[in-house]
Engineer: 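I'd like to ask some things about the structure below.
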Amino acid sequence: MAEPLKIGVLLSGSGTNLQAIIDAAANDGLPVDIVQVVSSRPDAYGIERARKAGIPVTVLNRDVYADPKAADVRIVEALRAAGAQYVVMAGYMRKVTPVMLDAFPDRVLNLHPALLPSFKGAHAIQEAFDAGVKVTGVTVHFANEDYDKGPIVAQRAVEVREDDTLETLEARIHEVEHELYPQVLRLVAEGRIGVGEDRKVHVRP
């Protein structure tokens, strides 16, 4: 049996995707070990989720991010000390710098609540809802220096229903996130995902 993939999780908020990964590892045999959680905010509820699961947490704040590269140096040091092999952004509301990307080349995953390249940025669900699109969704991609533009790993569509409110749409998108992210992490842990010379993600059988 192969060793589980050691991951660090970056978050800024409630940590529901962190919880989905914790639960998948505990209940569904997801072969990952969360060795470090980093929160960009000291009031993020994801900190409590991590501590309850016995996961070490590094807590940063706005002052630390006054110098984004210095912040990433600190994060990389914590992740490396914990033995992290992959970085998983789960509702992390900070743009990573080349410091992070160079430390973990093609090993920084991000989750975005829309079908990229549509609706980039921090307000993707609101913007899709306001635009009146009939289909939106979820994207998992590798981060790079261009915001929400890295190689796409997986996508899943979410229908926008006639009776949807922003809140009901957001809830269904989060449900899909909680399914898709662990599925992608399983492929990563099994060594089935790689970025080719064409800078596209290829999934091996």
Side-chain angles (χ1 to χ4, degrees), residues 7-21 24 30 38-41 44 46 65 68 72 86-98 100-102 104-188 192-204:
I7 65 171
V9 176
L10 312 186
L11 57 81
S12 299
S14 64
T16 59
N17 278 294
L18 168 66
Q19 190 66 56
I21 297 167
L30 177 65
V38 177
S39 175
S40 68
R41 293 172 45 191
Y65 286 96
D72 273 4
Y86 250 79
V87 182
V88 176
M89 294 193 282
Y92 184 63
M93 304 306 290
R94 295 280 180 173
K95 183 180 178 182
V96 296
T97 71
M100 177 84 66
L101 299 172
D102 291 345
F104 296 92
D106 291 332
R107 285 179 287 140
V108 181
L109 284 171
N110 186 43
L111 182 70
H112 185 74
L115 294 176
L116 293 175
S118 298
F119 305 112
K120 300 174 185 175
H123 306 289
I125 300 176
Q126 177 80 61
E127 290 175 2
F129 183 77
D130 291 346
V133 297
K134 303 307 179 188
V135 176
T136 183
V138 175
T139 301
V140 179
H141 68 99
F142 285 110
N144 63 12
E145 292 186 50
D146 294 322
Y147 199 68
D148 289 337
K149 253 186 111 174
I152 291 172
V153 178
Q155 291 182 303
R156 187 169 297 173
V158 175
E159 179 189 5
V160 183
R161 299 170 182 165
E162 287 296 321
D163 60 349
D164 262 332
T165 63
L166 178 62
E167 290 73 24
T168 59
L169 176 61
E170 185 172 3
R172 287 208 318 287
I173 286 174
H174 290 329
E175 286 177 4
V176 171
E177 290 176 349
H178 300 161
E179 294 175 359
L180 185 61
Y181 225 1
Q183 289 173 6
V184 167
L185 286 172
R186 187 179 297 277
L187 294 174
V188 171
R192 295 172 56 193
I193 285 178
V195 180
E197 293 183 3
D198 57 2
R199 299 307 300 163
K200 293 181 180 179
V201 174
H202 301 276
V203 180
R204 292 181 284 275

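The figures here come from the full heavy-atom set of this structure, side chains too, leaving out hydrogens, waters and symmetry mates.
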Engineer: For N144 and K149, work out which heavy atoms get closest and say how close.
Structural biologist: ND2-O, 3.7 Å
Engineer: Counting only heavy atoms not in K95, do more than 12 sit closer than 6.0 Å to its NZ atom?
Structural biologist: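 Yes, because the 6.0 Å sphere around NZ of K95 holds more than 12 heavy atoms from other groups.
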Engineer: Using modelled atom types only, decide if a donor and an acceptor are shared between the side chain of R172 and the backbone of E159 within a distance under 3.5 Å.
Structural biologist: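 At least one qualifying donor-acceptor pair exists.
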Engineer: Is there a side-chain contact between L11 and V38, using heavy atoms and a 4.5 Å cut-off?
Structural biologist: no
Engineer: Should M100 and V108 count as side-chain neighbours, where that means a heavy-atom distance under 4.5 Å?
Structural biologist: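 They are in side-chain contact.
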Engineer: Measure the CD1-CG distance between I193 and L185 for me, rounded to the nearest 0.5 Å.
Structural biologist: 8.5 Å
Engineer: Please give me the minimum heavy-atom distance between G13 and A44, naming the atom from each residue.
Structural biologist: O-CB, 3.3 Å
Engineer: Inspect the contact between E177 and R156 and indicate whether a charged nitrogen and a carboxylate oxygen are less than 4.0 angstrom apart.
Structural biologist: no
Engineer: Test T139 against every option in D148, I152, N110, L111 by the side chain to side chain contact (heavy atoms under 4.5 Å, CB included) rule and name the one that passes.
Structural biologist: I152
Engineer: Distance check, rounded to the nearest 0.5 Å: Y86 atom OH versus D106 atom CG?
Structural biologist: 7.5 Å
Engineer: Once you round to the nearest 0.5 Å, how far does OG1 of T168 lie from CG of D163?
Structural biologist: 6.5 Å
Engineer: Using side-chain contact (heavy atoms from CB on, under 4.5 Å), reason through D164 and R161 one step at a time and then give a plain yes or no.
Structural biologist: CA-CA 5 Å; D164 262 332; R161 299 170 182 165; 3.6 Å; yes
Engineer: Search all heavy atoms of A154 against all heavy atoms of L180 and return the closest pair with its distance.
Structural biologist: CB-CD1, 4.1 Å
Engineer: Taking the side chain from Q155 and the backbone from L116, do they hold a donor-acceptor pair closer than 3.5 Å?
Structural biologist: yes
Engineer: Does N17 reach the main-chain N or O of A90 with its side chain, forming a donor-acceptor pair under 3.5 Å?
Structural biologist: no
Engineer: Quick one, M89 and V96 - any side-chain contact, counting heavy atoms below 4.5 Å?
Structural biologist: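 Heavy-atom side-chain distance check passes, below 4.5 Å.
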Engineer: Would you sort out whether V158 and V135 count as a side-chain contact (heavy atoms from CB on, under 4.5 Å), showing the intermediate values?
Structural biologist: CA-CA 6 Å; V158 175; V135 176; over 6 Å; no
Engineer: Taking the side chain as every heavy atom from C-beta outward, state whether L169 and V160 have any atom pair closer than 4.5 Å.
Structural biologist: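 They are in contact (side-chain heavy atoms under 4.5 Å apart), so the answer is yes.
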Engineer: May I ask you to check if R107 and F142 form a cation-pi contact, with NZ or CZ under 6.0 angstrom from the six-membered ring centre and within 45° of the axis?
Structural biologist: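 Ring-cation test returns no.
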Engineer: Starting from the C-alpha separation in whole Å, work towards a yes-or-no answer on side-chain contact (heavy atoms from CB on, under 4.5 Å) for I173 and I125.
Structural biologist: CA-CA 8 Å; I173 286 174; I125 300 176; 3.9 Å; yes
Engineer: For Y181 and V88: C-alpha separation, side-chain torsions, deciding distance, then whether side-chain contact (heavy atoms from CB on, under 4.5 Å) applies.
Structural biologist: CA-CA 9 Å; Y181 225 1; V88 176; 3.4 Å; yes
Engineer: Can you name the closest pair of heavy atoms from L18 and G46 and give their distance?
Structural biologist: CD2-O, 3.7 Å
Engineer: Taking R192 for the side chain and R204 for the main chain, is one N or O donor matched with an acceptor at less than 3.5 Å?
Structural biologist: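 Present.
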Engineer: Considering all heavy atoms of both residues, which atom of Y147 and which atom of K120 are nearest to each other, and what is their separation?
Structural biologist: O-CD, 4.1 Å
Engineer: Verify, without hydrogens or angle tests, whether S12 (side chain) and M93 (backbone) share a donor-acceptor contact under 3.5 angstrom.
Structural biologist: yes
Engineer: Should we count NE2 of H202 as having more than 12 external heavy atoms under 6.0 Å?
Structural biologist: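 Counting other residues, nucleotides and ligands, NE2 of H202 exceeds 12 neighbours.
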Engineer: Ignoring hydrogens, what is the shortest heavy-atom contact between R94 and S40? Give both atom names and the distance.
Structural biologist: CG-CB, 4.1 Å
Engineer: Consider only side-chain N and O atoms of E175 and H178, and report whether a donor and an acceptor are under 3.5 Å apart.
Structural biologist: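 There is no such pair (donor and acceptor under 3.5 Å, judged by atom type) between the side chains of E175 and H178.
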Engineer: Looking at side-chain heavy atoms only, is the closest gap between P113 and V138 below 4.5 Å?
Structural biologist: no
Engineer: Using atom types as modelled and distance alone, determine if a side-chain donor or acceptor of H112 lies under 3.5 Å from a backbone N or O of P117.
Structural biologist: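 Answer holds: no.
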